[in-house]
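Following: one structure in structure tokens, then a few remarks.
Just so we're clear, the structure is a prediction, and the values are computed from it rather than from any experiment.
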Amino acid sequence: MHLPKAELHLHIEGTLEPELAFALAERNGVTLPYATTEELRRAYQFEDLQSFLDLYYALMAVLRTEEDFTELADAYLARAAAQGVRHAEIFFDPQAHTARGVPIGTVIEGLSRALERSEETHGVSTQLILCFLRDLSAEAALGTLDAARPYLHRISAVGLDSAEVGHPPAKFQEVYETATALGLRKVAHAGEEGPPSYIREALDVLGVERVDHGLRCMEDPELVARLVADRVPLTLCPLSNVTLRTVDTLKDHPLPEMMAAGLLCTVNSDDPAYFGGYAGDNFDAVRDALALDPEQLRTLARNSFEAAFLDHDEERRARYLSEVEAYAFD
Ligand SMILES: [Zn+2]
């Protein structure tokens, strides 16, 4: 669907398509444990979040140089633009690369090269969100933020991702306080596989402005009331939820109930190369499976721009919102 939208929950490493993975593997002399792109695609059958993460981290071995990161981001932006994305706030996982000996500067400079020319090349404005891997230590997160200091002009926010259960947000209180002091915005994954209490912690202890996923808030009516009253955006990823079995089928997805409850929901693609579709594909999928009407779809698109970190450029936000209003559904 080409409805104009902002993508606010997108891991750039999760946009690595099998074809690019093989091309980069060959260029960098990395041997993948798969013979063909078809064989690799067949490996994209996941039991849960952890089984996905195992393959996700294994494939990152092909990303070595600035050029690799530029190509990765450029390929994503082209696909996103073709599906109506006008603004993208892109997550990256520096620790997944520094652990392999790739310097954080290589990652950030490589991604930034694609992001800086994206508006001209693809008509997509961009921001970069540095994520901490929550299954690593709080000290490691602090070290990562410290290493990123020379590049902070390229980064708008910090986030928290990877294996959620057993790694509550409060573990990262100190690094989020440091990020605040550095002038960064704050988001965190919470309530995907973890309990509603993780969403509360992300709000109360980390001070996040958006909750990534947040699906399990629906188990806690008081929390829902708070998220509605405070207009806290939730970055939902429907196809991801089905692939990782957070919901059984797309028809079981609580998006309509969440919208009816007044939550500020957005629809995003998470790791589109692995989960069967980009932002527009996610919009198509929820329209078809959940019978969303054009006004509900327009609300989701409007929400995405309202939830975007565009406070420094309200003129741009207003322009995007007017594109949403002007969009004609066929
Ligand atoms: Zn995610």
Side-chain angles (χ1 to χ4, degrees), residues 6-11 48-50 52-53 89 91 93 129-136 138 141 157-177 179-180 184-247 252-271 282 286 300 303-304 306-309:
E7 176 135 76
L8 306 176
H9 187 154
L10 180 280
H11 303 269
D48 54 16
L49 180 59
Q50 191 58 54
F52 153 67
L53 289 171
E89 300 186 359
F91 297 142
D93 285 326
I129 300 179
L130 183 156
C131 287
F132 305 110
L133 298 181
R134 68 197 307 156
D135 44 349
L136 300 183
V158 293
L160 189 61
D161 62 11
S162 195
E164 184 182 6
V165 175
H167 303 285
K171 179 176 158 185
F172 297 94
Q173 180 173 4
E174 191 183 348
V175 72
Y176 270 66
E177 283 170 0
T180 306
L184 296 166
R185 313 287 297 258
K186 291 163 292 180
V187 301
H189 284 49
E192 179 188 15
E193 289 192 338
S197 64
Y198 281 22
I199 301 174
R200 290 179 182 278
E201 257 184 42
L203 296 168
D204 293 332
V205 181
L206 304 185
V208 301
E209 299 166 79
R210 287 198 303 246
V211 175
D212 297 314
H213 291 296
L215 206 61
R216 290 189 60 192
C217 73
M218 294 303 277
E219 297 166 26
D220 183 338
E222 265 182 45
L223 177 58
V224 169
R226 175 182 175 183
L227 293 168
V228 170
D230 294 346
R231 300 278 293 159
V232 178
L234 305 180
T235 63
L236 303 172
C237 307
L239 289 175
S240 162
N241 295 152
V242 175
T243 309
L244 299 182
R245 308 195 183 180
T246 312
V247 298
D252 303 306
H253 200 283
L255 175 63
E257 292 76 41
M258 296 177 85
M259 293 180 76
L263 288 162
L264 203 158
C265 298
T266 66
V267 165
N268 308 270
S269 68
D270 207 2
D271 300 284
N282 272 270
V286 294
L300 289 169
N303 288 350
S304 72
E306 282 175 7
F309 290 148

- Message: How long is the straight-line distance from CG of N241 back to CG of D270, given to the nearest 0.5 Å?
- Response: 8.0 Å

- Task: For L255 and L300, run side chain to side chain contact (heavy atoms under 4.5 Å, CB included): C-alpha distance rounded to whole Å, both residues' side-chain angles, the deciding distance at 0.1 Å, then the answer.
- Result: CA-CA 10 Å; L255 175 63; L300 289 169; 4.1 Å; yes

- Message: Is the shortest side-chain heavy-atom distance between E222 and R200 below 4.5 Å?
- Response: yes

- Message: Taking the basic N atoms (NZ, or NE/NH1/NH2) and the acidic carboxylate oxygens, is any pair closer than 4.0 Å for E306 and R231?
- Response: yes

- Heavy-atom nearest pair, V211 first then A190, reads CG1-O, 3.6 Å

- Message: Within the 3.5 Å criterion, strictly below it, is a donor on T246 or E192 matched to an acceptor on the partner's side chain?
- Response: no

- With side chains defined as the heavy atoms from C-beta onward, is the minimum distance between L264 and V232 less than 4.5 Å? no

- Task: Of all the heavy-atom pairs spanning E164 and G191, show the shortest one and how long it is.
- Result: OE2-N, 2.7 Å

- Message: Out of the candidates R134, H9, H11, H213, only one should pair with D161 under the side chain to side chain contact (heavy atoms under 4.5 Å, CB included) rule; please name it.
- Response: H11

- Query: Are the charged groups of R226 and D204 less than 4.0 angstrom apart, N to O?
  - Reply: yes

- Message: To check you understand the geometry: which heavy-atom pair defines the closest contact between A163 and Q50, and what is its length?
- Response: CB-OE1, 3.7 Å

- Query: Are L160 and Y176 close enough that some pair of their side-chain heavy atoms sits under 4.5 Å apart?
  - Reply: yes

- Query: Taking it one step at a time, do N268 and D212 satisfy side chain to side chain contact (heavy atoms under 4.5 Å, CB included)?
  - Reply: CA-CA 10 Å; N268 308 270; D212 297 314; over 6 Å; no

- Message: To the nearest 0.5 Å, what is the distance between CG on L234 and SG on C265?
- Response: 5.5 Å

- Would you please say whether a donor-acceptor pair under 3.5 Å links the side chains of T266 and N303? no

- Side-chain contact test, heavy atoms from C-beta onward, threshold under 4.5 Å: evaluate it for S269 versus L239 and give yes or no. no

- Between E201 (side chain) and L206 (backbone), is there a donor-acceptor pair under 3.5 Å? no

- Query: V228 and A261: which non-hydrogen atoms are nearest, and at how many Å?
  - Reply: CG2-O, 3.4 Å

- In terms of side-chain geometry, is the basic nitrogen of E209 or R185 positioned less than 4.0 Å from the acidic oxygen of its partner? yes

- Message: Within the 4.5 Å heavy-atom criterion, are V158 and C131 side-chain neighbours or not?
- Response: no

- Could you walk me through whether L223 and I199 pass the side chain to side chain contact (heavy atoms under 4.5 Å, CB included) check? CA-CA 8 Å; L223 177 58; I199 301 174; 3.8 Å; yes

- Message: Counting neighbours of CD on E174 that are heavy atoms of other residues, nucleotides or ligands and sit closer than 6.0 Å, is the number greater than 12?
- Response: no

- Message: Once rounded to the nearest 0.5 Å, what's the spacing between atom CG of L136 and atom OG of S162?
- Response: 7.5 Å

- What closest approach, in Å, do V224 and C217 show between heavy atoms, and which atom pair accounts for it? CG2-O, 3.3 Å

- Message: Can you confirm whether P238 sits close enough to V267 that some side-chain heavy atom of one is under 4.5 Å from a side-chain heavy atom of the other?
- Response: yes

- Message: Quick one, F91 with H189, criterion ring-ring contact (aromatic ring centres under 6.0 Å, His included). Give me CA distance, side-chain angles, the key distance, then yes/no.
- Response: CA-CA 11 Å; F91 297 142; H189 284 49; 5.6 Å; yes

- Item | Side-chain heavy-atom pair P169, V208 within 4.5 angstrom cut-off | no

- Take N282 and V286 through the test side chain to side chain contact (heavy atoms under 4.5 Å, CB included) and record every step on the way to the result. CA-CA 6 Å; N282 272 270; V286 294; 5.9 Å; no

- Item | Straight-line distance of R216 CZ to S197 OG, nearest 0.5 Å | 8.5 Å

- List the steps, then state whether side-chain hydrogen bond (donor to acceptor under 3.5 Å, both in side chains) holds for E7 with S304. CA-CA 7 Å; E7 176 135 76; S304 72; over 6 Å; no

- Grab the two heavy atoms, one from P254 and one from L215, that are nearest each other, plus how far apart they are. CG-CD1, 3.8 Å

- Gap between atom CD1 of I129 and atom NZ of K186 - 0.5 Å precision: 13.5 Å

- Query: When you measure from the centre of the six-membered ring of F309, is the NZ or CZ of R210 under 6.0 Å away and within 45° of the axis?
  - Reply: yes

- Note on the structure: When rounded to the nearest 0.5 Å, the distance separating OG of S240 from CZ of F52 is 7.5 Å

